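What follows is a short report on a single structure.
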Amino acid sequence: QVQFVESGGGLVQPGESLTLSCTGSSGTVNNYAVGWIRQAPGKEREEISCISESDGITYYAAPVKGRFTISRDNRKNTVYLQMNGLKSEDTATYYCAIAMRTTYLSNNYKCYFSPTDDSWGQGTQVTVSS
């Protein structure tokens, strides 16, 4: 099983950008859809984006759609999340994980995750504040 390591977080001002990286420290991500999930203190986990194995099919949650872009480089065993126009409400710990299940019905791509899956890393903190 893949074990992820997230990096790239930090403290930024509103409107600035960050690019997060999610690298498999063991195993390969090539055969799996991978997503980004965030959790703010006291809030429930929120799936924000997901990308298919190789065809570039993506999902974005409404709060980040148009601002965030997910991509992957399977040769580098890495998934990225480009975050533009950051807002204070984007402040959270960001995790990546393998999707345990995906659906693609009526041209709507969805990913489903398990918090107990071993692919989850320690996350990377994103703080957006003026």
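Everything numeric here is computed off the predicted structure, so don't read it as measured data.
The aromatic rings of Trp120 and Phe113 lie perpendicular to each other, with more than 60° between the two planes, well past the 30° mark.
We find the OG1-CD1 distance between Thr102 and Ile51 to be 12.5 Å, quoted to the nearest 0.5 Å. Summarising the geometry, atom OH belonging to Tyr80 is positioned 12.0 Å from atom CG belonging to Leu20; distances are rounded to the nearest 0.5 Å. With rounding to the nearest 0.5 angstrom, the OH atom of Tyr112 is 10.5 Å from the SG atom of Cys50. Separation of atoms CZ (Arg75) and CG (Asn30) is listed at 10.5 Å; rounding is to 0.5 Å. In this structure, the separation between OG1 on Thr58 and CZ on Phe68 is 14.0 Å, given to the nearest 0.5 Å.
The side chain to side chain donor-acceptor pair (under 3.5 Å) contacts involving residues 6-23 comprise Ser17-Asn84, Thr23-Thr78, where partners must be two or more places apart or lie in separate chains. For residues 29-54, the set of pairs meeting the salt bridge (Lys or Arg N to Asp or Glu O under 4.0 Å) definition, not counting sequence neighbours, comprises Arg38-Glu46, Arg38-Asp90.
For Thr69, the side chain to side chain contact (heavy atoms under 4.5 Å, CB included) criterion is met by Tyr60, Gln82, not counting sequence neighbours. When the side chain to side chain contact (heavy atoms under 4.5 Å, CB included) test is applied to Val29, the partners found at least two apart in sequence or on another chain are Val2, Phe4, Val34, Arg72, Asn74, Asn77. For Ser119, the side-chain hydrogen bond (donor to acceptor under 3.5 Å, both in side chains) criterion is met by Asp117, not counting sequence neighbours. Every residue was checked against the side-chain hydrogen bond (donor to acceptor under 3.5 Å, both in side chains) condition with Asn108, not counting sequence neighbours, and none meets it.
Judged by distance alone, the side chains of Thr127 and Ser129 never bring a donor and an acceptor atom under 3.5 Å apart.
Nearest heavy-atom pair, Gly56 versus Ser52, reported as atom, atom and distance to 0.1 Å: N-OG, 3.4 Å. Minimum interatomic distance between Gly9 and Thr124 (heavy atoms only, all atoms of both residues): N-OG1, 3.0 Å.
In this structure, the side chain of Ser49 does not engage the main chain of Trp36 through any donor-acceptor pair within 3.5 Å. Thr91 contributes a side-chain N or O that, together with a main-chain N or O of Val128, makes up a donor-acceptor pair within less than 3.5 Å.
In the hydrophobic cluster analysis, where Ile, Leu, Val, Met, Phe, Trp and Tyr join through side-chain heavy atoms closer than 4.5 angstrom, Tyr94 is grouped together with Leu18.
For the pair Ile48 and Leu81, the minimum side-chain heavy-atom distance is below 4.5 Å.
The local environment of CD in Gln3 is crowded, with over 12 non-hydrogen atoms from other residues, nucleotides or ligands closer than 6.0 Å.
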